[in-house]
Each structure stands twice: as C-alpha cells, then as structure tokens.
Amino acid sequence: MCCWCCCLECIHNIPPLNLLFIHFNSTSSPGHEEEEAEGAPVASMASISVPDIVPSPAEDAENIRKAVQGWGTDEKALIEILGHRTAAQRAEIAVAYEGLYDQTLVGRLQAELSSHFKGAMTLWTMDPAARDAKLAYKALRKKGGERHAWVLLEVACASSPDHLVAVRKAYCSAYDSSLEEDVAACALYKDPLRKFLVRLVSSYRYGGDHVDEELARAEAAELHGAVVSKKEALHGDVVRIVSSRSKPQLRATFQRYKQDHGKAIDEVLEGNRNDKPSAMLKTAVWCLTSPEKHFAEVIRSSIIGLGTDEESLTRAIISRAEVDLKKVKEEYKARYKTTVTADVVGDTSGYYQGILLALIGPE
C-alpha cells in the first residue's frame, strides 16, 4: 500500500539529495525561521542533540553501511547516527554514502526499513526543502479535508521566505511542474480557499524587522470588517494582507486588532470553528506568528482518538525538530497538562517510537 511515508517510486522522483543540498544549503538548512550555517550550533529552540565530537561523514556512512548489511538491520545504530545529526551533517553523510557505495542513502533506507519507522527515517534523512516539496505534492493528491491543507499552510507560512523559494525549486525539479500551478489546479479545494492557498505558496515576504504602526492600525480595521462585519474570513482584503505582509508586520497588525476590538483574531476565528475558511485562516495566523500553537495541536490531534495518525505525528516532529520543537513542547505541556514524550510513548512503539523520542529530546 502506497502512502507518503513509504513510497519508493515517489522517493526516486526526488533528485539525488547531494544535488539538492548543493542548490539549497544556503537557504533551507534547517529551512525555517532560525536558520543555521553549516557547522554552526543547533538552533536554540531545536530539540535534537548533536555530539560534541561528530565523526566524519565518511565514518558515519561506513557505520550506517554496517548497520544495514547482513541478515538483520541495526535500527538502533541508525537512530543513534542519523537522529543526532543536523540537516547539513546528514546531507554530507548522504554524499559520502553514495560516493562510497554507489547507492543513495535514502534508497538504502527504503530498502531496509519498514512501516512508520521507514517513513520517519526517510523524511528525516531528506533535504528539508525536498522533504517539504514531497509533503506538499502528497497533500495535493489526498482527499480528507483540512488536515491535508494544513501541510500547504505549514510549508507556506511556518517557513522563512528563502525556504519557501527552495521548496518551490525542489518541487519543480522533482515533479516537472510548479507548486503554485498544482495548487491552482487542485480539484480538492474550492475558491476562495484555493485562491488563498495559491497566494500563500506564491508569496515572498519581506524578511526585515521594520513595522509600520499606522498600516497595522488600518489593516486591523480591514480584517475586522471582513471577518466580523462581513463574515468573510477569506475576503480579498484578508487574503491580500495575510499573504503579503512580513511576519513582524502581521504580528503588529494582530496585536492592534486585539487592542482595538478586545479579542485576538485567532479567538474570533476559533469561535467560527465550523466554518472551514475561518479554520484555515486561523491555522495560517498561527503558522505565521505562533507556529508552536499549531504544531502542538497537530501532535495532540494525531494522538487523541481511536487510532494514531502517524503521518501527521511524524510530520510535526520531524519538521520542527531543528527549528522550534522546544517551544512546541512547552506549548503542549501548558495547554494539555502532559508532555509530548508521554503521549508519544503511550501511542507508539518499537523503532518508530525510538526515532521520534530521539528527535523530541529530553523533557
């Protein structure tokens, strides 16, 4: 059965990781708001741990080879190596592995591993931009409501402007089409949501810290008029503001909204939770200004209920482990009175649980 986490054919459509890394290392590693140069310390709110003394990429590649050769696979060794390396380090390991053994690292992991552990290890090993391109491609081809739209909102709004550009490049390289065109042509979404998603994935936001307070006041009024007075969460004014303004400018606008109207805009939208446009706008607002709130909700909703949504759980932990998973864990504990670790331990097992806990880190 093919799913996003274990489809070998889809992985083979991604260009070799070393080539992608050459193109995107300067903009997409780790690929989100707290970007680190190769060899720099892990981002302050990242949850992964890296040894003080890291073996050379060739040594790591050789140890991975030992772990996957023979009759059995040493899954613990794979977790110990790959689960404690940054995106830049994993890319170097992949280059070394392919150079030594004439086989891609991702391809070998696909051949050796199984089930949700394979999906998690595959996504974690990929270049962040290529990984997000793959997730977006899958989301555009899956029915199932807002959860798949969440993926597009995360890629467009919870990333840095440069990372989003890198995702669009990776998408074109892998699938011979543009992300923007595929979103515009996606029959799973209807206007105005589809137009909103197109504007978001097409955006390139100003990356500086400048804030225009007068503009924040005016656009807070526009948002209130559209969302509350007209009851059009995805009114044209809303789409224009949310898809084009910088994140500091949007934070100022949302703060002014609460100051002038007595209630935060996400609280207003939460009150309209049965309205899909309102729910999508709330998710975008969170991803743009408080991504820890959104990803805490993704993790919780993937665990609560009759079964575990491993796709969403894996995506949330892997995509934020090098960015802000510490903040996500703090938000999760404050909101749900338990820890991410406790819920993951209670709902997962085996080596799949092992790689997730390695990325979550201590709590």
Side-chain angles (χ1 to χ4, degrees), residues 3-8 11 17 29-32 42-43 46-51 54-55 60-61 63-68 72-94 97 104-128 130-132 134-135 138 295-296 298-300 302-303 307-326 328-329 332 339-363:
C3 68
W4 64 264
C5 62
C6 58
C7 179
L8 186 56
I11 290 297
L17 191 149
S29 180
H32 298 81
V42 175
S47 59
I48 66 164
S49 60
V50 177
V54 179
D60 275 342
N63 287 329
I64 290 172
R65 182 70 168 186
K66 293 175 184 176
V68 298
T73 303
D74 188 348
E75 290 90 348
K76 288 184 179 179
L78 295 177
I79 294 172
E80 188 61 31
I81 297 169
L82 293 171
H84 297 280
R85 302 291 187 271
T86 66
Q89 291 164 344
R90 296 193 305 276
E92 291 179 340
I93 294 168
Y97 190 94
T104 67
L105 176 57
V106 169
R108 187 57 190 252
L109 294 175
Q110 282 281 316
E112 288 292 329
L113 308 179
S114 62
S115 192
H116 302 301
F117 181 54
K118 175 168 71 172
M121 291 298 288
T122 298
L123 284 181
W124 179 244
T125 304
M126 293 178 70
D127 171 86
R131 177 175 66 218
D132 281 354
K134 176 181 172 63
L135 292 172
K138 289 290 186 179
F295 286 100
V298 173
I299 293 172
R300 184 67 171 180
S302 71
I303 289 172
T308 305
D309 178 0
E310 288 88 359
E311 290 188 12
S312 297
L313 178 61
T314 301
R315 184 185 81 247
I317 291 174
I318 284 179
S319 65
R320 307 314 287 185
E322 292 183 271
V323 186
D324 61 356
L325 194 53
K326 283 184 180 178
V328 174
K329 291 189 294 184
Y332 195 94
T339 64
V340 173
T341 298
D343 279 354
V344 167
V345 168
D347 245 52
T348 63
S349 60
Y351 297 116
Y352 173 59
Q353 180 187 101
I355 183 59
L356 294 185
L357 292 181
L359 301 182
I360 291 168
E363 286 195 83

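Throughout, residue positions are numbered sequentially from 1 according to the sequence presented.
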Within the structure provided, determine whether [X] and [Y] are in side-chain contact (heavy-atom separation under 4.5 Å).
X      : Y      : value
Val323 : Val328 : no
Glu322 : Ile48  : yes
Asp309 : Val298 : no
Arg90  : Met126 : no
Ile79  : Lys76  : no
Ile318 : Ile355 : no

If I take atom [atom1] from residue [X] and atom [atom2] from residue [Y], how far apart are they, to the nearest 0.5 angstrom?
X      : Y      : atom1 : atom2 : value
Ser319 : Leu135 : OG    : CG    : 8.0 Å
Thr314 : Phe117 : OG1   : CZ    : 11.5 Å
Ile93  : Thr125 : CD1   : OG1   : 8.5 Å
Ile64  : Leu78  : CD1   : CG    : 6.5 Å
Leu105 : Gln110 : CG    : CD    : 11.0 Å

Sidechain-backbone polar pair: [X] side chain, [Y] backbone, donor-acceptor under 3.5 Å:
X      : Y      : value
Gln353 : Thr348 : yes
His116 : Tyr352 : no
Trp124 : Leu82  : yes
Glu112 : Thr73  : no
Lys329 : Ser47  : no
Glu363 : Thr341 : yes
Gln89  : Thr86  : yes

For this session: Determine, stepwise, if the pair Thr339 / Ile360 fulfils side chain to side chain contact (heavy atoms under 4.5 Å, CB included).
Result: CA-CA 10 Å; Thr339 64; Ile360 291 168; over 6 Å; no
Exercise. Is any side-chain N of the basic residue among Glu311 and Arg315 closer than 4.0 Å to the acidic one's carboxylate O?
Worked result: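 A salt bridge is absent here (no side-chain N lies under 4.0 Å from a carboxylate O).
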Problem set entry | Salt-bridge criterion met for Glu80 and Arg85 (N-O under 4.0 Å) |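 Judged by the 4.0 Å cut-off on N to carboxylate O distance, Glu80 and Arg85 do not form a salt bridge.
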Problem set entry | Minimum-distance pair of heavy atoms, taken over all atoms of Lys118 and Leu113 |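 Taking Lys118 first and Leu113 second, the nearest heavy atoms are CD-O, 3.3 Å.
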For this session: List the atom of Gly83, the atom of Leu359, and the distance in Å for their closest heavy-atom pair.
Result: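 Residues Gly83 and Leu359, closest heavy atoms: O-CD2, 3.8 Å.
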Problem set entry | side chain to side chain contact (heavy atoms under 4.5 Å, CB included) partners for Asp343, two or more places apart |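 Partners of Asp343 by the side chain to side chain contact (heavy atoms under 4.5 Å, CB included) criterion, ordered by chain and then number, come out as Arg300, Ile303, Tyr332, Thr338.
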Problem set entry | Residues Val50, His84; criterion side chain to side chain contact (heavy atoms under 4.5 Å, CB included); working and verdict | CA-CA 5 Å; Val50 177; His84 297 280; 5.5 Å; no
Exercise. Pick from Leu313, Val344, Ile317, Asp347: which one makes a side chain to side chain contact (heavy atoms under 4.5 Å, CB included) with Ser302?
Worked result: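 Of Leu313, Val344, Ile317, Asp347, side chain to side chain contact (heavy atoms under 4.5 Å, CB included) with Ser302 is met by Leu313 alone.
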